[in-house]
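Count residues from 1 along the sequence. For clarity, every value in this text was computed on a predicted model and none was experimentally measured.
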Amino acid sequence: MFEAITETIPEHTSTILGIAGLLFASFTSLFSVVNPLAAIPVFLSLTGRFSDQERVQTAKKASFYMFGVLITFLLIGTFILSFFGISLAGIRIAGGLIIMRAAYSMLNPEKGGRKLTKEDEVAALEKEDISFSPLALPLLSGPGSIAVVIGFATQADGLTDYLINSGSIVLVVLVTYGILRLAPISAKYIGPTGLNIMTRLMGFIALAIAVQFILSGISRYYGIVI
């Protein structure tokens with residue numbers, strides 16, 4: 001029945017739906033792991049001594065650096081794997097474990113798993129420019145998000161897939177910039193409880209992504225079709 005329905009869909013419409021589906025899936029996967037909502041309290045605490053203009057500039061630079069890190073690993077991730085002799089199955093399983101750890105920390109924030117330690121935050125307070133470290137790396141584009149974009153690269157079949165995944169990175173960066181720029185307002189109206197609920201929701205999505213990464217790696221290694 002499904003095949004009969006798809007045969008009635010024009011080819012160009014099917015292509016558009018496929019592109020939209022991949023863009024949505026990659027955006028959702030990356031956004032849930034980056035989780036800029038959870039970065040709001042840290043961003044506000046680290047920029048508490050900044051003026052409004054300096055805070056906006058810091059958010060802009062952090063988002064730019066975040067884009068640079070993620071797009072770099074999307075483009076050269078597979079070459080890095082080839083250089084070290086790491087199989088695609090291995091990187092998917094390893095990436096899934098990294099994302100699972102990040103997801104667990106989002107689901108259970110009271111048990112640790114912070115992207116930044118207290119020592120990192122104290123050291124950042126003494127820095128004049130915190131846009132690259134610790135904001136862009138590791139707060140926004142940490143090991144989990146890097147594992148996701150490398151996963152994108154391993155699943156890309158051609159230039160179109162790379163362009164779509166690059167587009168999802170751009171969208172995540174733009175949304176992240178908007179969230180950081182409006183951080184004072186968001187923190188005021190959403191509140192700690194709302195941020196905690198959203199973080200746990202993102203954690204659940206990230207956990208599902210991690211499981212899928214691991215299953216994909218296992219199925220690829222053993223040649224099993226899931």
Distance from [X] atom [atom1] to [Y] atom [atom2], nearest 0.5 Å?
{"X": "Tyr162", "Y": "Asp157", "atom1": "OH", "atom2": "CG", "value": "9.5 Å"}
{"X": "Ile164", "Y": "Ser26", "atom1": "CD1", "atom2": "OG", "value": "7.5 Å"}
{"X": "Ile169", "Y": "Leu174", "atom1": "CD1", "atom2": "CG", "value": "12.0 Å"}
{"X": "Ser131", "Y": "Gln57", "atom1": "OG", "atom2": "CD", "value": "8.5 Å"}
{"X": "Leu46", "Y": "Arg55", "atom1": "CG", "atom2": "CZ", "value": "10.5 Å"}
{"X": "Arg220", "Y": "Ile91", "atom1": "CZ", "atom2": "CD1", "value": "12.5 Å"}

Notebook entry, point to check: Around Phe50, counting heavy atoms of other residues, nucleotides and ligands shown, do more than 12 lie under 6.0 Å from its CZ?
Noted result: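 Atom CZ in Phe50 is crowded, with more than 12 foreign heavy atoms closer than 6.0 Å.
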Considering non-hydrogen atoms only, spot the tightest contact between [X] and [Y] and give its length.
{"X": "Val172", "Y": "Met66", "answer": "CG1-CE, 3.8 Å"}
{"X": "Ser63", "Y": "Val173", "answer": "O-CG1, 3.4 Å"}
{"X": "Thr72", "Y": "Gly68", "answer": "OG1-O, 2.6 Å"}
{"X": "Ala103", "Y": "Gly203", "answer": "CB-O, 3.4 Å"}
{"X": "Ala206", "Y": "Ile99", "answer": "O-CG2, 3.4 Å"}
{"X": "Ala147", "Y": "Gly95", "answer": "CB-CA, 3.7 Å"}

Checklist line | side chain to side chain contact (heavy atoms under 4.5 Å, CB included) between Ile150 and Ile80, intermediate numbers included | finding: CA-CA 10 Å; Ile150 292 179; Ile80 295 176; over 6 Å; no
Tell me whether [Y] is reachable from [X] by hopping between hydrophobic residues (I, L, V, M, F, W, Y) whose side-chain heavy atoms are closer than 4.5 Å.
{"X": "Leu135", "Y": "Val56", "answer": "no"}
{"X": "Tyr177", "Y": "Val34", "answer": "no"}
{"X": "Leu163", "Y": "Leu70", "answer": "no"}
{"X": "Leu159", "Y": "Phe73", "answer": "no"}
{"X": "Phe213", "Y": "Ile86", "answer": "yes"}

Notebook entry, point to check: Under 4.5 Å between any side-chain heavy atoms of Pro134 and Ile130, yes or no?
Noted result: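 Answer yes - side chains close enough.
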Checklist line | Side-chain touch Ser168/Phe24, heavy atoms, less than 4.5 angstrom | finding: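 Sidechains of Phe24 and Ser168: no contact.
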Would you say [X]'s side chain and [Y]'s backbone share a donor-acceptor pair under 3.5 angstrom?
{"X": "Ser145", "Y": "Val33", "answer": "no"}
{"X": "Thr28", "Y": "Ala25", "answer": "no"}
{"X": "Ser216", "Y": "Gln212", "answer": "no"}
{"X": "Arg92", "Y": "Ile214", "answer": "no"}

Item checked: Full working for side chain to side chain contact (heavy atoms under 4.5 Å, CB included) between Val149 and Asn165 -> CA-CA 8 Å; Val149 297; Asn165 291 324; over 6 Å; no
Item checked: Trace of the side chain to side chain contact (heavy atoms under 4.5 Å, CB included) decision for Leu30 with Leu171 -> CA-CA 10 Å; Leu30 185 58; Leu171 290 176; over 6 Å; no
Margin query: Taking side chain to side chain contact (heavy atoms under 4.5 Å, CB included) as the criterion, tell me which of Ile205, Leu207, Asn35 meets it with Met106.
Written below: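 Testing each of Ile205, Leu207, Asn35 against Met106, the sole residue satisfying side chain to side chain contact (heavy atoms under 4.5 Å, CB included) is Asn35.
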Next item on the list: In sequence, state the C-alpha distance, the side-chain angles, and the governing distance for Phe152 and Leu74, and then conclude on side chain to side chain contact (heavy atoms under 4.5 Å, CB included).
Entry: CA-CA 7 Å; Phe152 290 166; Leu74 175 68; 3.9 Å; yes
